[in-house]
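Below: one structure, written as structure tokens.
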Protein chains: 4
Amino acid sequence: MSEQLSPSPSLICETILQQIERGLFSTQSKRLPSERELSEIFNASRLTVKHALLELEAQGVIYRKERRGWFLAS
Amino acid sequence: MSEQLSPSPSLICETILQQIERGLFSTQSKRLPSERELSEIFNASRLTVKHALLELEAQGVIYRKERRGWFLAS
Amino acid sequence: MSEQLSPSPSLICETILQQIERGLFSTQSKRLPSERELSEIFNASRLTVKHALLELEAQGVIYRKERRGWFLAS
Amino acid sequence: MSEQLSPSPSLICETILQQIERGLFSTQSKRLPSERELSEIFNASRLTVKHALLELEAQGVIYRKERRGWFLAS
DNA sequence: GTGGTCTAGACCACA
DNA sequence: GTGGTCTAGACCACC
């Protein structure tokens with residue numbers, strides 16, 4: 001990640017999409033890192049990360065299992 | 001803390017009480033009042049206050065944490 | 001503060017500097033570490049820590065602010 | 001308002017709807033109180049209030065003028 | 001002096 | 001040890 005402060009949800013969306021395309025984040029379980037881990041990775045608050053995840057969910061890229069985590073839709 | 005695993009709630013209680021008596025758990029904040037509060041304190045517009053804060057930042061007296069507020073540099 | 005309206009930025013600068021020198025703007029927090037931190041400090045589960053905190057609350061030593069944390073009662 | 005802590009967005013929605021039906025909030029301008037005022041009225045954070053307002057916007061009850069405020073749709 | 005947006009951090013319900 | 005949700009409070013762009 002760059003040193004940029006306060007990344008926007010859409011920037012986080014883009015970056016996550018790129019990582020997905022590159023095969024990162026896709027382990028056997030296809031689970032994404034937790035919201036807390038993503039917060040640290042992107043140097044953003046959980047709220048901002050959540051907004052990005054909701055955006056990707058709306059795009060159908062990922063889906064959510066309540067209190068279980070976020071997973072790749074493919 | 002001792003090396004004991006899984007301390008009982010009452011042991012934790014005791015330890016917390018001791019720490020409170022010793023004055024621990026009290027930290028010192030070096031945060032300045034918010035820009036809005038400073039505006040009211042000085043009866044000045046927020047723009048004027050901002051100019052003053054930027055001046056102090058340039059002098060190295062205070063620094064800014066993005067969206068977190070202003071803090072003493074020392 | 002004087003009664004003067006619309007003080008200049010430099011006057012505000014001066015005043016803030018004086019307050020800093022006098023030690024104002026430093027407040028004392030009476031907040032306890034978060035439940036997660038206490039769990040790590042005591043190497044105990046969050047449930048155990050919670051029981052200890054509830055005990056201390058019953059003793060009137062600490063009190064809770066909903067979703068804000070635990071604070072010393074004194 | 002009751003003494004209830006941490007009201008949910010949907011509870012705030014209901015209450016605002018009732019107030020609208022009773023003709024409160026509807027002055028000549030049909031403008032709602034500011035998000036900050038609503039936060040104080042409902043003893044909730046701005047974020048929670050915002051969620052309630054977005055819900056009412058989705059229902060078509062109110063609409064938003066960017067950086068101007070919230071207004072009754074009728 | 002508004003809404004827009006973000007931070008850092010709580011506690012909670014649940015698995 | 002996750003996501004769900006909320007708090008209190010920032011700064012910002014704009015009116």
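Between the side chain of B/Arg67 and the base of E/dC6, no donor-acceptor pair under 3.5 Å is found. Side-chain N/O atoms of A/Arg46 and base N/O atoms of E/dT7 include no donor-acceptor pair closer than 3.5 Å.
Between the D/Arg64 side chain and the D/Leu53 main chain, no donor and acceptor come within less than 3.5 Å of each other.
Protein atom CZ of D/Phe42 is 12 Å distant from nucleotide atom P of F/dT7, rounded to whole Å. Atom-to-atom, CG of B/Leu47 to C1' of F/dA13 comes out at 12 Å; the value is rounded to the nearest Å. Taking atom CD1 of D/Ile12 as the reference point, atom C1' of F/dT5 lies 12 Å away to the nearest angstrom. In this entry the distance linking CG of D/Leu54 with C1' of F/dC6 reads 16 Å, nearest Å. Nucleotide F/dG3 holds its C1' atom 13 Å from the CG atom of A/Leu32, rounded to whole Å. What separates NE2 of D/His51 from C1' of F/dT5 is a distance of 9 Å, to the nearest Å. Taking atom NZ of A/Lys65 as the reference point, atom P of E/dC14 lies 19 Å away to the nearest angstrom. In this entry the distance linking CZ of C/Arg68 with P of F/dT7 reads 10 Å, nearest Å.
The two residues C/Pro33 and C/Leu38 make their nearest non-hydrogen contact at O-CD1, 3.6 Å. Taking every heavy atom of both residues into account, D/Ala52 and D/Cys13 meet most closely at O-SG, 3.3 Å.
Checking F/dA10, F/dG3, F/dC11 against the side-chain heavy atoms of B/Glu35 singles out F/dC11 as nearest. Residue D/Arg36 places its side chain closer to E/dT2 than to any other of F/dT7, E/dT7, E/dT2.
Hydrophobic cluster membership of A/Tyr63, counting Ile, Leu, Val, Met, Phe, Trp and Tyr whose side-chain heavy atoms lie under 4.5 Å apart directly or via other members: A/Phe71.
F/dC14: Watson-Crick or G-U partner is E/dG1, with both key distances under 3.5 Å.
At least one side-chain nitrogen or oxygen of A/Thr48 sits closer than 4.0 Å to the OP1 or OP2 atom of E/dT7. The side chain of D/Ser34 contributes an N or O atom lying less than 4.0 Å from OP1 or OP2 of E/dT2. The side chain of D/Lys50 contributes an N or O atom lying less than 4.0 Å from OP1 or OP2 of E/dG4. Listed pair B/Trp70 / F/dC11 meets the phosphate criterion, a side-chain N or O lying under 4.0 Å from OP1 or OP2.
For the residue pair A/Glu14 and A/Gln18, no side-chain donor N or O sits within less than 3.5 Å of a side-chain acceptor on the partner.
Within the nucleic acid shown, D/Arg64 comes within 4.0 Å of sugar-phosphate atoms alone, with no base atom in reach, counting heavy atoms only.
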